[in-house]
Structures are given as structure tokens and as C-alpha cells.
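Data first, discussion second: the structure below is written as C-alpha cells.
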There are 2 protein chains.
Amino acid sequence: MAGIKDVARAAGVSVSTVSYVLSNKRSISAETTRRVMDAIRELDYTPDASAQKMRGVRNSIIALSMPIRGDINLAKYNAYFLRTAWEAKNAGYDVLLLTGEDVVGDIQRATRSNLVDGVVLMDIEESDERAAKASTYAKPTVAVGYPLSHDGCACVDVDFVQVGRQAADYLYDRGHRSVILLRDNEHEYERRSGYVVLFRESVMDRAEELGMSVLEFSKTDLAHFDAVEFVHEMFSDGGMATAIISQAPASVLDHVLKELQVRGIRVPEDVSVLSCGTFLEGEFMTRPVTEIPVMPELLAHKAVSLLVDSIEGDRGIAGVVDLVSPVIQERGSVLDLAAAGSGGRVAMT
Amino acid sequence: MAGIKDVARAAGVSVSTVSYVLSNKRSISAETTRRVMDAIRELDYTPDASAQKMRGVRNSIIALSMPIRGDINLAKYNAYFLRTAWEAKNAGYDVLLLTGEDVVGDIQRATRSNLVDGVVLMDIEESDERAAKASTYAKPTVAVGYPLSHDGCACVDVDFVQVGRQAADYLYDRGHRSVILLRDNEHEYERRSGYVVLFRESVMDRAEELGMSVLEFSKTDLAHFDAVEFVHEMFSDGGMATAIISQAPASVLDHVLKELQVRGIRVPEDVSVLSCGTFLEGEFMTRPVTEIPVMPELLAHKAVSLLVDSIEGDRGIAGVVDLVSPVIQERGSVLDLAAAGSGGRVAMT
DNA sequence: TTGTATGCGTTATCAC
DNA sequence: GTGATAACGCATACAA
């Protein structure tokens with residue numbers, strides 16, 4: 001490959017002139033500029049990235065750590081991953097993928113060797129080793145998620161406590177006094193209670209404050225979930241519940257919708273459905289479901305912005321936490337009992 | 001960050017000694033080695049990647065170009081993408097993601113600036129600009145796919161001509177003389193005829209040689225596909241066909257399976273189904289379908305191996321084409337008419 | 001407006 | 001077995 005010296009020779013100038021033409025850091029005569037640019041084109045010259053970096057020029061590469069687990073939800077995963085990659089590129093950064101086994105080691109290596117300028121941690125669990133060891137990384141780090149230990153990095157996540165409150169309030173305001181909570185599968189509860197558990201507790205607390213009864217149903221392991229049993233249990237138990245708050249994956253929820261349909265139970269006329277902490281967009285659903293979704297685009301944007309700010313402003317972001325307020329996505333699967341009861345026909349929200 | 005000089009000072013040796021301790025390129029006394037290693041640990045020293053690269057040490061980074069199109073099939077996509085990332089890491093390489101708009105420019109920049117050691121092109125179309133311009137990249141390049149112009153890069157793909165022949169032969173050998181070809185959607189035909197069209201032509205050619213009749217059905221655009229119409233048309237047209245060769249996405253094929261089920265048409269007793277060029281593993285199917293799949297793992301492995309060989313052996317691979325032979329995946333959806341007709345009960349394959 | 005010289009952190013050559 | 005130092009390609013302070 002042609003180097004800056006070759007360009008200089010071809011253009012009949014010194015190397016510094018070539019460098020300055022490229023960086024615009026001092027004025028160069030039009031004639032010289034032209035000759036240099038011609039030589040650059042002629043030789044297909046591209047500055048060597050390593051040499052530039054050694055002179056303190058930024059890499060513009062961020063590491064994206066995304067462990068490949070067996071049980072990931074691809075749709076949700078991609079929503080985060082693709083969007084983060086997009087945001088990074090949009091901010092002028094390339095993305096170095098870190099998917100290895102030795103996650104922490106890889107990140108340490110990539111940051112300490114100055115390979116990357118910053119790190120984004122994806123698919124965060126409650127006890128996330130990557131986040132816990134963030135202070136050992138040599139570059140600013142942002143976690144998309146809210147792990148327990150996060151001293152060394154910034155965190156960006158949906159405020160799941162608010163999601164819980166909002167879910168309870170939303171149903172209460174529409175006249176619901178008895179609901180069923182279809183929990184995420186137990187595996188998730190064990191692993192990433194970070195948000196799964198926060199949400200549950202928040203729902204329960206708020207419901208108690210409001211005097212709303214909540215029945216929990218938790219046998220939602222994807223492989224063994226039995227929608228028939230769920231619907232049966234739900235309606236046999238006094239049949240009090242007027243709404244389902246679902247925290248389960250789209251496929252599980254859809255099984256429930258199908259079973260309801262089979263049994264002639266209408267949504268939302270006979271039972272309302274509200275999905276929380278999910279990302280139903282793009283999933284196939286028997287019918288649209290009102291949801292308080294996680295926000296991949298927003299979180300990805302915030303994470304990358306925060307990181308880039310830190311990189312370019314040389315500001316530390318360790319310990320920063322940005323919890324974004326949930327936004328309900330109405331899709332007509334929740335009935336307003338108050339309105340419906342007060343005369344007119346069913347009022348969808 | 002601590003540099004090699006700091007380590008040298010801390011260990012009371014010269015920088016070259018430190019370097020040699022790390023590289024094992026000359027014998028160092030045990031005592032010196034110990035002192036140096038201690039200092040390295042003490043200072044958390046990691047060599048600077050750029051400085052190393054300037055001295056000719058390889059980066060161990062490969063670029064992975066994967067354009068994010070709106071209509072990608074995520075499951076299939078991920079199978080390729082994740083596997084390629086895995087293979088790369090396994091070969092000791094990090095992966096730099098290139099998802100931008102200006103694909104060719106990005107690859108040129110990344111290769112010419114020595115940012116990466118090689119390039120893998122994913123999701124190749126028939127007329128793929130990235131592949132066509134591969135000779136302008138400064139590093140070896142492998143395309144996973146088989147584009148028309150590929151002078152500058154190596155190509156790795158399934159041999160779709162063989163897939164077509166094999167599909168025809170497979171059904172013919174089992175007594176089928178009249179089949180329906182459920183084509184991939186027209187959009188794919190326009191865009192990536194690279195393999196979609198190759199396959200179709202091969203099926204048609206081979207069928208003609210064998211004297212097997214093939215009826216084409218092509219209204220398979222995901223959004224508008226009408227399984228009811230398809231099944232109706234299929235069985236109203238004289239009802240000759242005993243098998244379906246499907247080139248359609250999993251979701252489309254599954255609609256067909258469901259419709260067949262609804263109409264009481266059994267698979268494979270009443271009609272056989274063979275899916276080609278798909279990747280049904282992991283997709284939800286009403287019933288298992290015998291398939292001649294694309295081979296993400298194998299192709300990813302071949303692509304990365306080829307690339308790494310080229311990088312580490314400094315061998316050129318431009319123009320190399322590796323077309324792998326298809327392997328049929330039997331899942332009992334094709335009936336052996338010959339065996340079934342010759343006495344015994346249905347023989348599944 | 002342009003050229004010369006230095007140094008970034010490392011590896012490898014040469015000297016001891 | 002170990003140390004001093006040139007060179008990698010570039011950006012910039014300093015000269016002119």
C-alpha cells in the first residue's frame with residue numbers, strides 16, 4: 001500500500017503538507033491542494049489506521065458485547081442488536097463484535113490494547129459479570145440493562161418499577177379489580193431478575209395499594225407451557241379476573257390468545273390483555289395486544305449517545321443510570337369496564 | 001495506560017527484554033522472566049494493538065459485511081451471521097461489523113487502512129456490488145454466496161444446480177411423476193436470482209430429462225400468499241401432482257401445511273412435501289418437512305477457513321469458487337410411491 | 001504557505 | 001542472556 005511518503009513524492013511536496021491537506025489544519029494553496037489530492041487519488045492512498053491512532057487520533061470503534069446464549073429470543077435480540085449497530089454507525093463508529101466465551105477477558109483486551117474507544121454491553125443479566133468488572137476496562141462502558149453491580153459503567157434501561165405501577169394503574173383506572181399475572185418463565189426469574197422481578201414486585205405493590213387482587217401464574221416455561229391449563233385455571237378459580245397482565249414471551253402469550261379464542265372467550269370483551277416488558281412489534285399475534293414495551297430503539301440510541309459523549313468529551317460515565325419512562329402502546333386489547341358498564345357498548349382503549 | 005517502558009523500568013530490565021518475554025523469541029532466564037511477568041501483572045500491562053500492527057503483527061480482525069435490508073429473514077440470517085462470528089472467533093479473529101449504507105466505501109476504508117485483515121461478505125445477491133468491487137479491497141475477501149461477478153473474491157455456496165437435480169431425482173426415484181413447484185416470492189426472483197433462479201432452472205431441466213411434469217406456482221409473496229388458493233389450484237388442476245417442491249420461506253410453507261391439514265389432505269400419504277434451499281431448523285412447522293437445506297454452519301466454516309488460510313498463508317484467493325454438494329435432510333414428508341404401491345403400507349423416507 | 005524533525009509504543013537487528 | 005536503537009506511518013511543534 002502507498003503511504004503518505006509516496007503521496008508526498010508523487011505530488012512533489014513534503015509529508016506534512018499531505019497530512020495538512022487531509023486534516024485541514026492549516027491553509028494550503030489551491031494549487032498544492034490539487035496536486036496532493038490528485039496524487040492521493042492516483043495512488044489510492046488511505047491513511048493507516050494504526051499509525052493515526054498512535055498519534056492520538058481516535059479509532060472510532062466501539063465494542064459490542066453480546067453473549068450468544070442458547071435461549072435468546074431472536075426477535076427481541078435483533079431489535080436491540082441491529083439498532084445499536086445502526087446507531088453506532090450513525091454516530092461515526094464502527095462496531096467490533098465480542099461474542100466469545102471469555103467475555104470479560106475479551107473486553108479487557110480490546111479496551112486495554114486501545115483497540116476500541118468504548119464498550120456497549122447487551123443482554124444484561126441481574127448479576128452480570130461484564131458489568132461488575134466494568135471498572136477494569138480501560139474505556140467508557142454502557143450497559144443496556146440494569147444489573148446489580150454497575151459501579152464501573154453507565155446503565156440505560158426502561159424503568160420497570162414504573163412499568164409495574166403503570167400497568168396496575170392502567171387497568172385499575174379502567175375498572176379492573178382482579179387480574180391475573182402471567183409471569184415470565186422461571187428461568188428468566190432466576191437469571192435476569194434485574195427487570196423481571198422488579199416489575200413483578202412493582203405490580204404487586206401497586207395493586208395492593210389500590211386494593212386490586214392479583215393472581216399469579218408462573219408455569220410459563222416456553223417448552224412446557226400449557227395454555228389450556230392456564231385458561232382453565234384462570235376461569236375455574238372463581239372466574240374473578242377481568243384482565244391478564246402478561247410478562248411472558250410473545251409465543252407463550254399467543255398460545256393463550258389462541259386458547260381463549262377456541263373457548264369462545266373474547267378479547268377484550270370477556271377478558272382484557274396487557275403485555276409488559278415485551279416487544280411484540282414484528283411478532284405474529286393472533287390479535288393485537290396493548291403493551292408496555294421495552295424500547296430497543298430508544299435504549300440503543302441513549303446508550304450510544306451516552307458512550308459517544310463520554311468518548312468525545314472525555315467525560316466519565318461510570319455509575320450514571322438512565323431509567324426511561326415506559327410508554328403504553330394501545331392496541332385495543334384492554335376493555336374500559338367503567339365506560340362499558342355505564343351505558344354504551346364496549347369501549348376499547 | 002502503562003506501556004512497555006513502564007514494565008521495563010518496574011522490572012529493572014530493558015524494553016527489548018520485556019518484548020522477548022512476551023513473544024518467546026529468545027531465551028530469557030527464569031529469574032528475569034519472573035520479574036517481568038510480575039511487573040506486567042502489577043501494571044496491568046497490555047500491548048498496544050496499533051503499535052504492534054505497525055511492526056507487522058497481525059490485527060486478527062476480519063470485517064463482516066452484512067447489509068441490513070428491510071425484508072431479511074431473521075432466522076436464516078442469524079444462522080449465517082452468528083455462525084460466521086463464532087467461526088471467526090474460534091479461529092482467533094475478532095469481527096468488525098460493517099452494516100452501513102456505503103458498503104463498498106466502508107470495506108475499502110477498512111481494508112486499505114489496515115483496520116482488518118480480511119473480509120467476509122454475507123447475504124450476497126446475484127448482482128452484488130460488494131463482490132463486483134472486491135478487487136479494490138486491499139485484503140482477501142470471501143463471499144458467502146455466488147454472485148455473477150466475483151473476480152476479486154472467493155465464493156462459497158451451496159451448489160444449487162445440484163440441489164435442483166437432486167430434488168427432481170429424489171422424487172422421481174420414489175415414483176413421483178407430477179410435481180408442483182412452489183416458488184420463492186417474485187421479489188427474491190428479481191433480486192437474488194443467483195441461487196433462486198439457478199435452482200428453478202435446474203429442477204425444470206432435470207424434470208424434463210426424466211419426463212416428470214412440473215407445475216409452477218409463484219404467488220408466494222409473504223404478505224399476499226393465499227394458501228387456500230394454492231391448495232385449491234393444486235388439486236383442482238386435474239389433481240395429478242403427488243408432491244410439492246417448495247422453495248418458499250418457512251412461514252409460507254407452514255401455511256400450506258396447515259391448509260392441507262384443514263382439508264384433510266395428509267402428508268405424506270396424500271401428498272409429499274420437499275423443501276429446497278431453506279433452513280427449517282428452528283422454525284416452527286406444523287409437521288417436519290424433508291428438506292435440502294442451505295448449510296449455514298458449513299458455509300460459515302468454509303468461508304472463515306478459506307479467509308484465514310489466505311491471511312495467514314499470504315495466499316491469494318480471488319476467483320476461487322467452492323460449491324458444496326447439498327445433503328438431503330429426511331424428515332418423513334416424502335412418500336415412496338414405488339414402495340407403497342408395491343404391496344406393503346406406506347413407506348416413509 | 002511550506003518543510004524539517006520528533007515521537008507515539010512496539011518489534012527486530014545489532015551489539016555486547 | 002541482555003541492552004541499545006532503528007524503523008513502522010503518521011501528526012504536529014517548530015523553523016523558515
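Within every chain, numbering begins at 1; the chains are lettered A, B, ... in the order of the sequence lines, protein sequences first and strands thereafter. Below, each value reflects all heavy atoms present in this structure, side chains not excepted, and no hydrogens, waters or symmetry copies. Everything quoted here is computed from the prediction, not taken from an experiment.
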Just how large is the angle between the end axes of the helix from C:dT1-D:dA16 to C:dC16-D:dG1, five pairs per end, to 10 degrees?
50°
Does anything in residues 127-137 of chain B pair up under salt bridge (charged side-chain N to carboxylate O under 4.0 Å, His left out), and if so which pairs, sequence neighbours excluded?
B:Asp128-B:Arg130, B:Glu129-B:Lys133
Near DNA chain C, under 4.0 Å by heavy atom, which residues of residues 21-38 of chain B?
B:Lys25, B:Arg26
Regarding A:Gln108 and B:Thr46, do their side chains bring together a donor and an acceptor under 3.5 Å, going by distance alone?
no
A:Asn59, A:Asn114, A:Thr111, A:Asp117 screened by side chain to side chain donor-acceptor pair (under 3.5 Å) with A:Lys139, the one that passes
A:Asn114
Straight-line distance of A:Glu297 CD to A:Leu82 CG, nearest 0.5 Å
11.5 Å
Quick one: does A:Arg58's side chain get under 4.5 Å of A:Tyr93's, heavy atoms only?
yes
Every protein N/O within reach of nucleotides 6-10 of chain C N/O, cut-off under 3.5 Å:
from: C:dG7; atom 1: N2; to: A:Arg55; atom 2: NE; distance (Å): 3.0
from: C:dG7; atom 1: N2; to: A:Arg55; atom 2: NH1; distance (Å): 2.4
from: C:dG7; atom 1: N3; to: A:Arg55; atom 2: NH1; distance (Å): 2.8
from: C:dT10; atom 1: OP1; to: B:Tyr45; atom 2: OH; distance (Å): 3.0
from: C:dT10; atom 1: OP1; to: B:Asp48; atom 2: N; distance (Å): 3.1
from: C:dT10; atom 1: OP2; to: B:Ile4; atom 2: N; distance (Å): 2.5
from: C:dT10; atom 1: O5'; to: B:Tyr45; atom 2: OH; distance (Å): 3.3

Nearest whole Å is fine: how far is D:dC8 C1' from B:Asn114 CG?
11 Å
Are B:Thr17 and D:dG3 close enough that a side-chain N or O sits under 4.0 Å from OP1 or OP2?
yes
B:Arg9 (side chain) donor-acceptor with B:Ile4 (main chain) under 3.5 angstrom
no
Does a donor on one side chain and an acceptor on the other come within less than 3.5 Å for A:Ser16 and A:Ser19?
no
Do B:Ser14 and D:dA4 share a donor-acceptor pair, side chain to base, under 3.5 Å?
no
Is the backbone of A:His301 close enough, under 3.5 Å, to the side chain of A:Ser305 for a donor and an acceptor to pair up by distance?
yes
To the nearest angstrom, the OH-C1' distance between A:Tyr20 and D:dA15 comes to 12 Å
Sequence-distant partners of A:Tyr137, ring pair (Phe, Tyr, Trp, His ring centres under 6.0 Å), two or more places apart:
none
Salt bridge (charged side-chain N to carboxylate O under 4.0 Å, His left out) contacts touching residues 300-310 of chain A (sequence neighbours left out)
A:Lys302-A:Asp322
